[in-house]
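Structure, as structure tokens:
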Amino acid sequence: MSAIEWIISIILLLGALLCLLAAFGINRLPDVYSRLHAAGKSSTLGTASLLLATFLYFLFVQEQFVGKIMLTIFFIFITSPMAALMIARSAHRVGVPFSDKNGRDDLRETYKKDEHPK
């Protein structure tokens, strides 16, 4: 096994572990906000690591440049955290409660200022 194959294998294992961590976080964390944090961060990094390993495999082992994989990584880094943020903000606006473990709500005052009288 060559050095590049070892590097690709390590990146694959890292990506799989991050995806597993995201799955555990989504199932085990107490509220929607914490779950979205796990989904937005860990799954993004895990998926990007898996795609990076795929890109490196095709580049160094198969000797093919596949630019679509790099574009996919770029779009995942943009869209996944932004989607998690928008879902969390929407949940906050409609009043989804926080877990008892959360100490404070930093956005409460911001949304009170944004409300317009009807």
Side-chain angles (χ1 to χ4, degrees):
M1 204 170 184
S2 67
I4 191 66
E5 290 173 347
W6 278 104
I7 293 170
I8 291 170
S9 299
I10 291 170
I11 294 172
L12 275 174
L13 285 174
L14 178 69
L17 287 175
L18 285 169
C19 287
L20 184 66
L21 181 68
F24 281 135
I26 291 169
N27 287 326
R28 300 286 298 175
L29 290 173
D31 60 355
V32 68
Y33 307 104
S34 301
R35 290 177 185 155
L36 282 170
H37 180 75
K41 303 284 184 181
S42 299
S43 66
T44 300
L45 291 174
T47 306
S49 296
L50 293 173
L51 286 170
L52 179 64
T54 305
F55 175 77
L56 292 174
Y57 173 79
F58 279 111
L59 185 63
F60 292 112
V61 177
Q62 298 290 325
E63 297 179 356
Q64 295 176 354
F65 179 80
V66 184
K68 292 178 186 178
I69 297 175
M70 294 306 289
L71 283 174
T72 305
I73 293 171
F74 175 72
F75 285 124
I76 285 174
F77 268 116
I78 290 175
T79 58
S80 182
M82 188 59 65
L85 172 72
M86 291 297 116
I87 293 170
R89 288 185 71 164
S90 298
H92 189 271
R93 281 186 185 249
V94 299
V96 175
F98 286 98
S99 170
D100 295 335
K101 297 177 183 178
N102 290 350
R104 62 183 188 189
D105 182 6
D106 291 334
L107 292 178
R108 183 181 308 142
E109 296 301 321
T110 302
Y111 287 138
K112 285 182 181 177
K113 292 176 188 175
D114 288 344
E115 293 177 2
H116 298 289
K118 293 182 182 181

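One is the number of the first residue; the rest follow in order along the sequence.
Smallest separation of non-hydrogen atoms from Ala22 and Ala38: CB-O, 3.8 Å.
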With a cut-off of 3.5 Å and sequence neighbours excluded, list every side-chain donor-acceptor pair involving residues 63-88.
unit_1	atom_1	unit_2	atom_2	d
Thr72	OG1	Lys68	O	2.7
Thr79	OG1	Phe75	O	2.7
Ser80	OG	Thr44	OG1	3.0

Could you give the side-chain donor-acceptor pairs of residues 45-58 under 3.5 Å, partners two or more places apart or in another chain?
unit_1	atom_1	unit_2	atom_2	d
Thr47	OG1	Ser43	O	2.7
Ser49	OG	Leu45	O	2.8
Thr54	OG1	Leu50	O	2.9
Tyr57	OH	Gln62	NE2	2.9

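Among residues two or more places apart in sequence or in another chain, the side-chain contact (heavy atoms from CB on, under 4.5 Å) test is passed with Pro97 by none. Scored by the side-chain contact (heavy atoms from CB on, under 4.5 Å) test, Ile26 finds Ala39 as partners (sequence neighbours excluded).
To the nearest 0.5 Å, atoms CG (Leu21) and OG (Ser42) are separated by 4.5 Å.
Apart from Met1 itself, the hydrophobic cluster it occupies contains Trp6, where clustering links Ile, Leu, Val, Met, Phe, Trp and Tyr at side-chain heavy-atom distances under 4.5 Å.
Cluster annotation: Leu13 is not connected to Leu20 through the hydrophobic network of ILVMFWY side chains, with a link wherever side-chain heavy atoms come within less than 4.5 Å. There is a path of hydrophobic side-chain contacts, each under 4.5 Å, that joins Leu59 to Ile4.
Among Ile8, Leu14, Ile10, the one residue that satisfies the side-chain contact (heavy atoms from CB on, under 4.5 Å) test with Leu12 is Ile8.
Each ring-ring contact (aromatic ring centres under 6.0 Å, His included) pair with one or both residues in residues 20-53, not counting sequence neighbours, appears once here: Tyr33-Phe98.
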